[in-house]
Amino acid sequence: MAFPTLKNDRLIKALLRQPTDTTPVWIMRQAGRYLPEYRATRKQAGSFLDLCKNKELACEVTMQPLRRFALDAAILFSDILTIPDAMGLGLYFADGEGPKFERPLRSASDIARIGVPDPSEELRYVTDAVSLIRQELDGKVPLIGFSGSPWTLSTYMVEGGSSKEYRHIKGMMYDDPASLHQLLDKLAQSVIAYLNAQIEAGAQAVMVFDTWGGVLTPQTYREFSLDYMQTIVEGLKREHDGQTIPVTLFTKGGAQWLEAIADTGCNAAGLDWTIDIDEARSRIGDRVALQGNLDPCVLYASPEKIRDKAKEIITRFGNHPGHVFNLGHGIHQTVNPDHLGVLVDAVHEFGLEIRK
């Protein structure tokens, strides 16, 4: 399928550490519950999963923030748990409790029963949505595809949902590491196939979300999270239709491992708010681009403070290529949407100033 030429390529250039006219900005969870139009569309869908699995509605909520804000990228509306759902674990969402699985993986025999999903079959609704979104974007901005990391996916699959203690997954990690490695290997192969299918369907950049990597020790992070993300980076299509496909790795709470993340071969490392961006850049130099890293709670502050904090991060990064402005994690659902508009405009304004 032929898609229109990309009109705004700031994001792609920045991820490849090429000069841009200003700092590109997009926001994690930019299509989400802070927008009243999103809440209306979700109500129309009937449930969160039904929203994810309806390509027209997934396209609609992907486009909604772009109609309000001058964002430099769209990100596919989906969920990180699509792969475990396709593995037959019985994903459902309990009100006020987040995602749950009817059949969590607690033993070697449980893990042996699951296979690698075929993106063209069990996950076809995702790739269909990617193609529809690319058509709807009409070259306005690039489309980002994504997946959860193997470690993060496995935490939900073994715990059966969200966790504060990680008793089951960490118990398996320490007591039966061979079984956990078997699961992580299946997930790495699944993520590679899934992201490559998104790229073939039209995603112009991809991102791996390692939401729970920060709960690990330095040794276990490398063995049970980072090694598998490196496997994914090595297995991804890095060119498609004559264009380079950048890949970003984001570990929440992972600033202490920034050098190791940069060594995976990714194009960019996502940063949460626990490290100053100038320190991050001094540590990794020009090896990878950096994405981040405003504390999401800044968006609860006044417009003046939002502008100040945006300018501070841009100033700390300096007049160098390779910065994609973002929050340090997803936007909170109770944020005033107008405050995000202030942030986006401020990033472009101060990004332009620093390049003069």
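Computed over heavy atoms, backbone and side chain alike; hydrogens, waters and symmetry mates excluded.
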Query raised in the report: What residues form a ring pair (Phe, Tyr, Trp, His ring centres under 6.0 Å) with H320, not counting sequence neighbours?
Result: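 Scan of H320 (ring pair (Phe, Tyr, Trp, His ring centres under 6.0 Å), adjacent residues dropped) gives none.
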**Report entry** Passing candidate, side-chain hydrogen bond (donor to acceptor under 3.5 Å, both in side chains) with E37, options Q64, R67, R68
**Finding:**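 The side-chain hydrogen bond (donor to acceptor under 3.5 Å, both in side chains) with E37 is passed solely by R68 among Q64, R67, R68.
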Report summary line: Result for side-chain hydrogen bond (donor to acceptor under 3.5 Å, both in side chains) between S225 and one of T220, D210, T251 points to D210
Requested in this report: Using a strict 4.0 Å threshold on nitrogen-to-oxygen distance, state whether K311 and E349 make a salt bridge.
Outcome: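 No.
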Query raised in the report: Can you name the side-chain contact (heavy atoms from CB on, under 4.5 Å) partners of R39, sequence neighbours left out?
Result: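 With sequence neighbours excluded, R39 shows a side-chain contact (heavy atoms from CB on, under 4.5 Å) to P36, given in chain and number order.
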Strictly distance-based, threshold 3.5 Å: is any side-chain N or O of [X] a donor or acceptor partner for the main-chain N or O of [Y]?
X	Y	value
Y300	P296	no
D79	T82	no
K186	I114	yes
E102	G160	no
T231	D227	yes
D272	T274	yes
R287	E259	yes

Query raised in the report: Taking the six-membered ring for Trp, are Y92 and F101 ring centroids under 6.0 Å apart?
Result: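 No, ring centres 6.0 Å or more apart.
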Heavy-atom count check: over 12 atoms from other residues, nucleotides or ligands less than 6.0 Å from [X] [atom1]?
X	atom1	value
K7	NZ	yes
R167	CZ	no
R124	CZ	no

Query raised in the report: If you measure only the distance, is there a donor-acceptor pair under 3.5 Å linking the side chains of T23 and R355?
Result: yes
Query - Any donor-acceptor N or O pair under 3.5 Å, side chains D72, H348 - result: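 Side-chain D/A pair, D72 to H348: present.
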**Report entry** Candidates R103, K53, K100 - the one meeting salt bridge (charged side-chain N to carboxylate O under 4.0 Å, His left out) with D85
**Finding:** K53
**Report entry** Pi-cation contact, F317 with R281 (under 6.0 Å, within 45°)
**Finding:** yes
Requested in this report: For the pair Y34 and F69, name the ring-plane relationship: parallel under 30°, tilted 30 to 60°, perpendicular over 60°.
Outcome: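 Rings of Y34 and F69: parallel, under 30°.
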Query raised in the report: Would you call the rings of W257 and Y221 parallel, tilted or perpendicular, where under 30° means parallel and over 60° means perpendicular?
Result: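 Judged by the thresholds at 30° and 60°, the geometry between W257 and Y221 is parallel.
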Query raised in the report: How far apart are the C-alpha atoms of I331 and M28, what are their side-chain angles, what is the distance that settles it, and do they pass the side-chain contact (heavy atoms from CB on, under 4.5 Å) test?
Result: CA-CA 6 Å; I331 188 171; M28 289 184 276; over 6 Å; no
